[in-house]
Student: 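Have a look at this one.
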Amino acid sequence: MVKGEQLYEGKAKKVFATDDPELLIVSYKDDATAFNGLKKGTISGKGVINNQMSNLLMRYLAEKGVPTHYVQELSERETLVKKVSIVPLEVIIRNISAGSFAKHYGVEEGIVFDAPTIEFSYKNDELGDPLINEYHALALKLATKEEIETIKKYSFRVNEVLKDFWKQCGVTLVDFKLEFGRLADGTIVLADEISPDTCRLWDSATGKKLDKDRFRRDLGGVEDAYQEIMKRLTDAFEG
Ligand code: TMP
């Protein structure tokens with residue numbers, strides 16, 4: 001596989017072309033941002049952890065019936081993925097109140113819901129990723145009705161699979177964000193990443209935050225938290 005020109009640099013990853021038009025290489029950086037890029041920093045070793053964690057979880061999800069963009073881990077920080085056109089919707093699933101949910105609705109963090117919630121944000125940095133409903137997404141032609149149904153089905157499936165998985169690691173899956181893409185033939189697959197950048201993960205026994213909220217909220221121990229959550233995950237896969 002020949003690594004070609006850099007096509008794109010995002011906040012946490014770079015994307016490169018390959019000699020196969022259907023495949024791309026993503027390269028994970030240690031850069032961290034929050035609040036739509038307003039807060040900037042570095043989380044040393046994050047790129048390696050997010051790459052390896054996302055790949056492990058995507059391989060696991062594929063076994064459980066969720067198709068993904070994952071093809072092959074190339075190195076500590078680099079992964080070969082299927083080229084997709086990203087559906088410009090961020091899908092957020094929540095099991096427990098936290099973050100913007102707690103803020104918007106004036107409730108404390110930590111309320112366990114009877115059933116998971118789903119919401120969409122319009123993936124648009126200039127607009128600050130505003131919340132959007134399905135009707136708005138259809139009006140803006142961001143996705144078709146069928147695509148949105150598929151995305152919802154896969155997102156709840158991801159939640160069931162990952163909630164159970166993290167539970168075995170002594171970790172509570174509070175909420176997370178997913179992105180989906182279309183392959184050349186229109187098939188919807190899970191894309192982007194699943195990592196402590198995109199999930200809230202709390203130690204089940206102590207409630208300690210083991211995710212990017214430590215960076216967002218200046219809680220300290222950011223690198224240690226990323227290492228701890230990665231250790232829990234690798235122990236579960238090896239054990
Ligand atoms: P929120 O409570 O701030 O809306 O975040 C919900 C989940 O989505 C949380 O697990 C963090 C994740 N997330 C991202 O992955 N990217 C983002 O830009 C934001 C705002 C949240």
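It should be emphasised that the depicted structure is a prediction, and the values quoted were computed from it without experimental measurement. Order of listing sets the numbers, starting from 1, for every ligand and every atom in it. Numbering of residues begins at 1 and proceeds along the displayed sequence.
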Student: Answer with yes or no whether Arg94 contacts ligand 1, where contact means a heavy atom under 4.0 Å from a ligand atom.
Tutor: yes
Student: Numbering the atoms of ligand 1 from 1, which are under 4.0 Å from a heavy atom of Thr198?
Tutor: 10 (O), 12 (C), 15 (O)
Student: Could you check which of Lys177, His104, Glu119, Lys212 puts a non-hydrogen atom nearest to atom 15 (O) of ligand 1?
Tutor: Lys177
Student: Can you list the ligand 1 atoms lying under 4.0 Å from a non-hydrogen atom of Cys199?
Tutor: 10 (O)
Student: Ser195 and Asp197: side-chain donor and acceptor closer than 3.5 Å?
Tutor: no
Student: Does a side-chain heavy-atom distance below 4.5 Å link Ile93 with Leu173?
Tutor: no
Student: Any N or O of Glu90 that comes nearer than 3.5 Å to an N or O of ligand 1?
Tutor: no
Student: For ligand 1, which atoms, with element, lie under 4.0 Å from some heavy atom of Gly99?
Tutor: 2 (O)
Student: If we count only non-hydrogen protein atoms and require a distance under 4.0 Å, does atom 20 (C) of ligand 1 qualify as touching the protein?
Tutor: no
Student: Closest non-hydrogen protein atom to atom 9 (C) of ligand 1, residue and atom name please, with distance?
Tutor: Asp175 OD1, 3.2 Å
Student: Under 4.0 Å, counting heavy atoms only: does Arg216 come that close to any atom of ligand 1?
Tutor: yes
Student: Using a 4.0 Å cut-off to any heavy atom of Phe176, which atoms of ligand 1 qualify?
Tutor: 10 (O)
Student: Starting from atom 5 (O) of ligand 1, which protein heavy atom do you reach first, and at what distance in Å?
Tutor: Arg200 NH1, 3.4 Å
Student: How about Asp114: does its CG atom have over 12 heavy atoms from other parts shown lying under 6.0 Å from it?
Tutor: no
Student: State, yes or no, whether a side-chain contact exists between Tyr70 and Thr79 at a heavy-atom distance under 4.5 Å.
Tutor: yes
Student: Look at Lys64 together with Glu160 and state whether they make a salt bridge at an N to O cut-off of under 4.0 Å.
Tutor: no
Student: Quick one: does Asp197 get a heavy atom under 4.0 Å from ligand 1?
Tutor: yes
Student: One thing to verify: whether Lys152 and Glu149 come together as a salt bridge, which I'm taking to mean a side-chain N less than 4.0 angstrom from a carboxylate O.
Tutor: yes
Student: For the residue pair Ser121 and Asp129, confirm or rule out a side-chain donor-acceptor distance under 3.5 Å.
Tutor: no
Student: Does the N or O separation between Asp129 and ligand 1 drop below 3.5 Å for any pair?
Tutor: no
Student: Under 4.0 Å between a side-chain nitrogen and a carboxylate oxygen: does that hold for Glu228 and Lys208?
Tutor: no
Student: Among all protein non-hydrogen atoms, which one is nearest to atom 4 (O) of ligand 1, and what is the separation to 0.1 Å?
Tutor: Ser100 OG, 2.5 Å
Student: Counting only heavy atoms not in Lys83, do more than 12 fall under 6.0 Å of its NZ?
Tutor: no
Student: Assign the ring pair Tyr60 / Phe237 to parallel, tilted or perpendicular, where the plane angle (0 to 90°) is split at 30° and 60°.
Tutor: perpendicular
Student: Is atom 12 (C) of ligand 1 touching the protein, meaning some protein heavy atom lies under 4.0 Å away?
Tutor: yes
